[in-house]
Amino acid sequence: MKKTTYILGIESSCDDTAAAILKDNVVLSNCIANQKIHQSYGGVVPELASRAHQVNIVPVLQEALSIANIDKKELSAIAYTRGPGLLGSLLVGSAFAKSLALSLEIPLIEVNHMQAHLLCHFIKNEDQSTPEFPFLGVTLSGGHTQLVLVKSHFEMKEIGKTRDDAIGEAFDKCGKIMGLNYPAGPEIDRLAKEGNHEAFDFPIPKVDGLDVSYSGLKTAFINLVNRKSVKNPNFINDNLKDLSASIQKTLVTVIINKIIIAKEKYDLNRVVIGGGVAANSEIRKVLGEKAKIHQWEVFLPPFQYTTDNAAMIGIVGYHKLLNKQLGTMNQSVSARLSL
Ligand code: KG4
Ligand code: ZN
């Protein structure tokens, strides 16, 4: 009989310090220390992020062990985010993971953060089965927007991507011009619920193939706000909900259009979404409709596994451990690690 494993996942690629404990594919604890310090800067300040990771990482690990009710000596392996992400942030998590693995004399496992966003669907979940291969993976985060042909846990090929801003970045930058706190995506989502998405019209960027572009759309949004604010200095406040609903609808339509093309091109009926923007209610609604009306098989992550978390790092660690894909002490982190 297979031995039970306890995997510690550590995530520190951007501004969340996270630790999770998995018993095989079951999450026992999933702890996150958010870094509020970046809000007043309107975006993540890399140097401050690294320092906050150093402060947070030990308490977050202690919390994860305590909730899971296990001692660190019971851990079977440590999985950590090797990239992509902010170099200084990645270094804190990797140095910590390596030191702990060395002192406990257990295997170290490197994890690609973007793979983890897609593989979070393999965490045991009573409400949803795991996706079968192959599937169309879609990563929607603050730093990435990718269409991915996924043939197995570790056979992933990027077939489309953003040529400039990521979808989450576009949400955040449009929110910033409206005076919303960073990250603005969740707030736009909330405001949009009471707005009219037809109030303002934004052009869908024309990009060949499966790539997308969000920077022109962001500029169109900023230009509209600036132009209208000249005549009405209260334009933003007067139209906050309609602006949110209109830009959200357009940002979502851009990626949905490409998902439709990719599904047909690669003859895939299964669509698996990952990343922070997977929490967005408009994208969840549209994909829900596609599932109902067009019989797409859609997999949306539970909310706790949408934005950055360590449970998704742990589940990749579990599958890599099963496959004996272990890391090494001399492997350096990679800010631009590809799939
Ligand atoms: O995956 P993630 O936590 O970090 C990266 O790997 O980048 O994604 C963060 C992004 C931010 O841009 C945030 O604004 C966006 O996810 N986000 C949302 C929502 N929740 C988080 N965007 C739109 N609607 C949401 N509900
Ligand atoms: Zn992420």
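Both ligands and their constituent atoms are indexed starting at 1 by order of listing. Scope of the values below: all heavy atoms of this structure, side chains included, with no hydrogens, waters or symmetry mates.
- Linking Ile, Leu, Val, Met, Phe, Trp and Tyr whenever their side-chain heavy atoms come within less than 4.5 Å puts M156 and M114 in one cluster.
- When hydrogens are left out, the protein atom nearest atom 11 (C) of ligand 1 is D172 OD2, 3.5 Å; that is the closest non-hydrogen contact.
- For ligand 1, the atoms lying closer than 4.0 Å to a non-hydrogen atom of G142 are 5 (C), 7 (O), 8 (O), 9 (C), 10 (C), 12 (O).
- Checked by atom type, the side-chain pair Q248/H197 shows no donor-acceptor distance below 3.5 Å.
- In H117, the N, O or S atom that comes nearest to the Zn ion (ligand 2) is NE2.
- Within H113, the N, O or S atom at minimum distance from the Zn ion (ligand 2) carries the name NE2.
- Listed by atom number, the atoms of ligand 1 under 4.0 Å from T307 heavy atoms are 3 (O), 21 (C).
- In terms of polar-atom proximity, F171 is not counted as a contact of ligand 1, lacking any N or O under 3.5 Å from an N or O of the ligand.
- Residue D308 places at least one N or O, backbone or side chain, under 3.5 Å from an N or O of ligand 1.
- Residue A184 has no N or O atom closer than 3.5 Å to an N or O atom of ligand 1.
- Proximity of H117 to ligand 1, defined as any heavy-atom pair under 4.0 Å, is confined to the side chain (atoms from C-beta onward).
- Within ligand 1, the atoms closer than 4.0 Å to a non-hydrogen atom of D189 are 24 (N), 25 (C), 26 (N), numbered from 1 in the order shown.
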Going through the distances and angles, do K292 and E289 end up as a salt bridge (charged side-chain N to carboxylate O under 4.0 Å, His left out)? CA-CA 5 Å; K292 211 164 159 190; E289 286 164 4; over 6 Å; no
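- Aromatic ring orientation, F202 versus F221: tilted (interplanar angle from 30° to 60°).
- The option from G274, G276, G143, P84 that lies nearest to atom 1 (O) of ligand 1, judged by heavy atoms, is G276.
- Of all N, O or S atoms in D308, the one lying closest to the Zn ion (ligand 2) is OD1.
- Heavy-atom neighbours of N223 CG from other residues, nucleotides or ligands within 6.0 Å: above the threshold of 12.
- The single protein non-hydrogen atom nearest to atom 15 (C) of ligand 1 is V277 CG2, 3.9 Å, given as residue, atom name and distance.
- Ligand 1 lies nowhere less than 4.0 angstrom from a heavy atom belonging to M114.
- A salt bridge between E282 and K285 is present, with a side-chain N of the basic residue lying under 4.0 Å from a carboxylate O of the acidic one.
- Applying the 4.0 Å criterion to heavy atoms of G168 picks out, from ligand 1, the atoms 12 (O).
- Using a 4.0 Å cutoff on heavy atoms, P186 counts as a contact of ligand 1.
- Interface atoms of ligand 1 facing P183, defined by a heavy-atom separation under 4.0 Å, are 13 (C), 14 (O).
- Note: no N/O pair closer than 3.5 Å links S281 and ligand 1 by distance alone.
- Taken from CD in E11 to CD1 in I57, the straight-line distance is 10.0 Å, to the nearest 0.5 Å.
- Proximity to G185 (heavy-atom distance under 4.0 Å) selects the following atoms of ligand 1: 14 (O), 18 (C), 19 (C), 22 (N), 23 (C), 24 (N), 25 (C).
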Verdict with reasoning, I188 to M178, per side-chain contact (heavy atoms from CB on, under 4.5 Å): CA-CA 10 Å; I188 291 182; M178 293 193 285; 4.0 Å; yes
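- Between F135 and F133, the ring planes are parallel. Angles under 30° get that label, and only those over 60° would be called perpendicular.
- Within ligand 1, the atoms closer than 4.0 Å to a non-hydrogen atom of S141 are 1 (O), 5 (C), 6 (O), 7 (O), 8 (O), numbered from 1 in the order shown.
- Checking I78, L65, L104, I109 one by one against L8, the side chain to side chain contact (heavy atoms under 4.5 Å, CB included) holds for a single residue, I78.
- Annotation for R284: atom CZ counts as buried by contact number, over 12 foreign heavy atoms lying within 6.0 Å.
- When heavy-atom distances to ligand 1 are checked against a 4.0 Å cut-off, N280 comes that close through both its backbone and its side chain.
- For NZ of K193, the number of neighbouring non-hydrogen atoms (other residues, nucleotides, ligands) closer than 6.0 Å is greater than 12.
- The closest approach between a heavy atom of H144 and any atom of ligand 1 is not below 4.0 Å.
- Here H144 does not reach the Zn ion (ligand 2): none of its N/O/S atoms is less than 2.8 Å from the metal.
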Trace of the side chain to side chain donor-acceptor pair (under 3.5 Å) decision for D164 with S213: CA-CA 6 Å; D164 36 60; S213 162; 2.8 Å; yes
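- A distance of 9.0 Å separates CD1 of I313 from OG of S12, quoted to the nearest 0.5 Å.
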